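In what follows, a structure is listed as structure tokens, so that the remarks can point back to it.
Numbers restart at 1 for each chain; the letters A, B, ... are given by sequence-line order, proteins then strands. Owing to the predicted nature of the structure, the values given are computational and were not obtained by experimental measurement.
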2 protein chains.
Amino acid sequence: MSKADPPSEPRSGTDGERPLSRASVGRFSLYLRHLEQFHSAGTKTISSSQLGEALGITDAQVRKDLAYLGNLGHPGVGYPTQDVIAALRRKLGIDREWRVVVVGAGNLARALLRYRGFQQQGFRIVALFDADAGKIGQRIDDLEVHSPDTMPAVVAATGAELGLLTVPAEVAQGVADTLVAAGIRGVLNFAPIVLRLPPHVSLVSVDLTVQLEQLAFLVQLGGNE
Amino acid sequence: MSKADPPSEPRSGTDGERPLSRASVGRFSLYLRHLEQFHSAGTKTISSSQLGEALGITDAQVRKDLAYLGNLGHPGVGYPTQDVIAALRRKLGIDREWRVVVVGAGNLARALLRYRGFQQQGFRIVALFDADAGKIGQRIDDLEVHSPDTMPAVVAATGAELGLLTVPAEVAQGVADTLVAAGIRGVLNFAPIVLRLPPHVSLVSVDLTVQLEQLAFLVQLGGNE
DNA sequence: GGATGTGAACGACTTCACAGCG
DNA sequence: CGCTGTGAAGTCGTTCACATCC
């Protein structure tokens, strides 16, 4: 009975050293934010229990997560904030600038454009698209609204790799396809729909209705956690 | 370090209550949306594999999830869309209206106010608050902007139970405390911060920077899933 | 002493596989 | 038949506990 190994992860020898759980990555951003706060407050070193306290998780969890970054901690001392910040940035892939386009020039797009957190972490919004002829040519926060037809050209010219989708659900799949055709490599989708993308394009979805319904469920259950 | 006890819910013990996994609840909203689409397309019955196909998950997963709703499925036939929709609504706690207040009258608030998905699922935004004196008194989408001082009175008067937090990170914790003091029972937080709420108040957080960083990580990894 | 790193236990979630029913 | 419901097995993630090191 020869058992074939599932070819789950064809290890590209570039960066993958350790197993790296997907769940940990979800916390990396939070570690990063808190570490940056501690760091600019002058803290040079931080312990797993301090960090866990700040995020509301256990110290063991923090150590397991940070272990994925290599052996940065010093027993009896803690983790050097600076080093962990740098390692997290690198692991997350935000040790460089990402160019981002936004499709759908509504209120959500405006909110995203003015959101400071993006710039701070190296995300630069370089173009804005909308199908509404009335909006094309307008300027919103220094960005001109382009027609979706120009997407391939603009994406190529700006070198954008990520697309934020803030369009109505009915047209979201079509717009996503256009983004993919234009060469985008990742989509952050806000439309309430399950998008289908080719396997070489990454997808993260933020579904506001789902989140609100989740909240209603929790409240109905009584209390939190 | 008090641990939450498993609350046996001594409510009306009509159905044989099952364990109910937290992960399943996260998919309930998606099932609901797809079932509503199938239903309004005239589909009376749907199989676990059809639903799984639509959401991109396995049929076994769908059956396990729907089993939490009671024995709604008919072997050889499938699930009656109507019944499953009703059961999901009830389980999620959205078989009634929820009154919602929004704190922070910025672009994100505007986007949320105009978002149709909320009303459709029975969430009614009944008040809007902002600390900016220049905004107080203005009307946005038929809602007057109130001063945060009036929160207790307005929450009581409107019977709001949920609060959406779209304020800057620096003031988010303070505003959340005010919401809690005003008697709110659940908070949907958009500020990039780990909120601390008393245990009787539920919390769901949507952190846009975290989501974007997640996307960057996936793209850097190459491809999706 | 104080805090890390990590096997091992534990628990949660998913997939498998199949009995059973209309 | 086709499709559900569900134990069993498998996978993934978290917590525990402790050897280890500065």
Between [N] ([atom2]) and [X] ([atom1]): distance, integer Å:
| X | N | atom1 | atom2 | value |
| --- | --- | --- | --- | --- |
| B/F28 | C/dC13 | CZ | C1' | 14 Å |
| A/L72 | D/dC22 | CG | C1' | 16 Å |
| B/R22 | D/dT14 | CZ | P | 14 Å |
| A/D65 | C/dA3 | CG | P | 19 Å |
| A/H74 | D/dT20 | NE2 | P | 20 Å |
| A/L66 | C/dT6 | CG | P | 12 Å |
| A/L20 | D/dT14 | CG | P | 12 Å |
| B/R63 | C/dC21 | CZ | C1' | 14 Å |

Any side-chain N or O of [X] below 4.0 angstrom from OP1/OP2 of [N]?
| X | N | result |
| --- | --- | --- |
| B/S48 | D/dT4 | yes |
| A/S47 | C/dA3 | no |
| B/Q61 | C/dC13 | no |
| B/Y79 | D/dG2 | no |

Any side-chain donor-acceptor pair under 3.5 Å between B/Q173 and B/D177?
-> yes
Take the angle between the ring planes of A/F123 and A/W98 and call it parallel below 30°, perpendicular above 60°, tilted in between.
-> parallel
Which word best sums up how the rings of A/F28 and A/Y31 line up, parallel for under 30°, tilted for 30 to 60°, or perpendicular for over 60°?
-> tilted
5'-most by nearest nucleotide on DNA chain D - A/P75 or A/T58 = A/T58
Check the pair A/L164, A/N189 against side-chain contact (heavy atoms from CB on, under 4.5 Å), reporting the backbone distance first and the verdict last.
-> CA-CA 6 Å; A/L164 312 190; A/N189 170 46; over 6 Å; no
So, for B/V167 and B/A172, which heavy atoms are closest and what is the spacing to 0.1 Å?
-> CG2-CA, 3.7 Å
Find which nucleotide of DNA chain C each of A/G76 and A/A60 is nearest to by heavy atoms, and output the residue with the more 5' nucleotide.
-> A/G76
Ignoring hydrogens and angles, answer whether the base of C/dT15 and the side-chain atoms of B/K64 contain a donor-acceptor pair closer than 3.5 Å.
-> yes
